[in-house]
Peer 1: 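Shown below is the structure under consideration.
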2 protein chains.
Amino acid sequence: MNVRGGATRAQIVDAADRLFYRQGYEHTSFAAIAEAVRISRGNFYHHFKSKDLILDAVIEARLADARRMLEQWETEHADPGDRVRRFVEILLANRADIQSYGCPVGTLTSELAKLDHAALGEANSLFTLFRAWLRDQFTLLGHAEEADALAMHVLAMTQGVATLANAFKDEDFIRREVRRINDWLDTYTTT
Amino acid sequence: MNVRGGATRAQIVDAADRLFYRQGYEHTSFAAIAEAVRISRGNFYHHFKSKDLILDAVIEARLADARRMLEQWETEHADPGDRVRRFVEILLANRADIQSYGCPVGTLTSELAKLDHAALGEANSLFTLFRAWLRDQFTLLGHAEEADALAMHVLAMTQGVATLANAFKDEDFIRREVRRINDWLDTYTTT
DNA sequence: CAAAGCTTAGGACAGCTGTCCTAGGATCGA
DNA sequence: TCGATCCTAGGACAGCTGTCCTAAGCTTTG
């Protein structure tokens, strides 16, 4: 593969990622991605034989990013409680995008479920990644038995906040709910 | 308007409602709705000049249904706390649909947001309806000052549960979270 | 009964979709 | 330098989309 070849492919995945997030998977056409990368549709087809394959690549890229992010947090925070807090604070860090487009994981999963798309399982593995990671943190905090339930609860709260923040575009609401989640976390993380 | 005319229109709205919920708005074509109602596309166009107008009618129908439901609850439960519990228990009553297709309000809102669709405001008014109703209940319970924040919190939790139930298709998770929400509600509803 | 209006069917239309083909240009290895 | 491989462009294709038209049937009203 050429030097530029890999770069083009990465650009396609990058543009598709952004467009899928902002406009939805189905609503984003081949032509739109090609235009965003400024290549012809013919060239496009050389890199990805079908739209489904772009989706696969996008999900893989998101998975890789997420893994990198979680590993990063593990080096930055020794305390598992702080790691969970860092996870919840994604809502604040990405509040602008969340208000405009919702959660990238939740909205993709829900769209693919409605489309009955083959890649739904892969998209769900994004949720599974976070779920397992959160479970590990709660286990480290000494709540092994209910760790998975707690992980799911954190996921549910963040998803709910993202959905409503998208609907009402209310930044104060996000801050309030993050504070509430953090207060709740204190119950499980106070030394 | 003929007797059968109104019935056909209602059938169209009904079929569109179901299809929009199960497949998403964009993914549902004129032809699919027409086939579900067993009428020709020409006839279809006589009742609705555009796809957007069907969406408007579907949202209006959902709003009317929701209003009826909330009024019903007000006659059935004298205690505002019980009314809020009844709201949360939608998650259990509709658990099969929620696991398959998510929340009808949340998924529609999030799809229309991505499509940048003109009817997004109308779809959001479904959320607003529930928000205002919940706010009223919390006000009646003596929490006027934080009533709106509590209403939003209930909405957020139910949305989060719906999203994850859809992703993981886990009925135990739904039951667990409903119990958790009810426990939380006890804090605000115990006499 | 007759006219008017409502309802229905079926097909036509342009535009967009994902897919695919061909052919020329760039880059690499020997 | 020369052949092989990769990359790119542009267009063709069938199929589906929402929209619209026309003409025939039906129901209601006078």
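Order of the sequence lines fixes the chain letters, A, B, ..., with proteins taken first and strands second; residue numbering starts at 1 for each chain. In what follows, every heavy atom counts, from backbone to side chain, and hydrogens, waters and symmetry copies are set aside.
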Peer 1: Over 60° means perpendicular and under 30° means parallel, so tell me whether A:Phe87 and A:Trp73 are parallel, tilted or perpendicular.
Peer 2: perpendicular
Peer 1: Within residues 50-62 of chain B, which residues have any heavy atom lying less than 4.0 Å from an atom of DNA chain D?
Peer 2: B:Ser50, B:Lys51
Peer 1: In whole angstroms, how far is the C1' atom of C:dT17 from the NE2 atom of B:His27?
Peer 2: 13 Å
Peer 1: Tell me the interatomic distance from A:Phe44, atom CZ, to D:dA12, atom C1', rounded to whole angstroms.
Peer 2: 19 Å
Peer 1: Should A:Leu126 and A:Thr109 count as side-chain neighbours, where that means a heavy-atom distance under 4.5 Å?
Peer 2: no
Peer 1: Using 0.5 Å steps for rounding, measure from the CZ atom of A:Arg135 to the CG atom of A:Asp148.
Peer 2: 5.0 Å
Peer 1: Tell me whether the rings of A:Tyr101 and A:Tyr21 are parallel (<30°), tilted (30 to 60°) or perpendicular (>60°).
Peer 2: perpendicular
Peer 1: Take atom NE2 of B:His117 and atom C1' of D:dG18, then tell me their distance rounded to the nearest Å.
Peer 2: 12 Å
Peer 1: Among the nucleotides C:dA12, C:dG18, D:dC7, which one has an atom lying closest to any side-chain atom of A:His46?
Peer 2: D:dC7
Peer 1: Can you classify the ring geometry of A:Trp184 versus A:Phe138 as parallel (below 30°), tilted (30 to 60°) or perpendicular (above 60°)?
Peer 2: perpendicular
Peer 1: Please list, in numerical order, the residues of residues 31-40 of chain B that have a heavy atom closer than 4.0 Å to any atom of DNA chain C.
Peer 2: B:Ile39, B:Ser40
Peer 1: In terms of side-chain heavy atoms of A:Tyr45, which of C:dG18, C:dC20, D:dT8 is nearest?
Peer 2: C:dC20
Peer 1: Here's one to test your reading of the geometry: is the NZ or CZ of B:Arg62 within 45 degrees of the ring axis of B:Phe20 and under 6.0 Å from its centre?
Peer 2: no
Peer 1: What is the distance, to the nearest angstrom, from the CD atom on A:Gln23 to the P atom on C:dC16?
Peer 2: 15 Å
Peer 1: With the side chain of A:Thr8 defined as its heavy atoms from C-beta on, choose the nearest nucleotide among D:dT8, C:dT19, D:dG18.
Peer 2: D:dT8
Peer 1: Grab the CZ-C1' distance between B:Arg9 and C:dC6 for me, whole Å please.
Peer 2: 15 Å
Peer 1: Taking B:Asp172 first and then B:Arg176, would you say they form a salt bridge - that is, a charged N and a carboxylate O separated by under 4.0 Å?
Peer 2: no
Peer 1: To the nearest Å, how far apart are A:Arg41 CZ and C:dT22 P?
Peer 2: 17 Å
Peer 1: Heavy atoms from C-beta onward define the side chain here; which of D:dT19, D:dA12, C:dA9 lies closest to that of B:Asn43?
Peer 2: C:dA9
Peer 1: Whole Å only: how far is the CD atom of B:Glu26 from the C1' atom of D:dC16?
Peer 2: 13 Å
Peer 1: Any ion pair linking A:Lys114 and B:Glu111 (charged N to carboxylate O, less than 4.0 Å)?
Peer 2: no
Peer 1: Within this structure, what is the CD1-to-P distance between A:Ile12 and D:dC7, rounded to whole angstrom?
Peer 2: 11 Å
Peer 1: Donor-acceptor pairs under 3.5 Å, side chain of residues 88-98 of chain B to any protein atom, not counting sequence neighbours: which ones?
Peer 2:
from, atom 1, to, atom 2, distance (Å)
B:Arg95, NE, B:Glu171, OE2, 2.8
B:Arg95, NH1, B:Leu92, O, 2.8

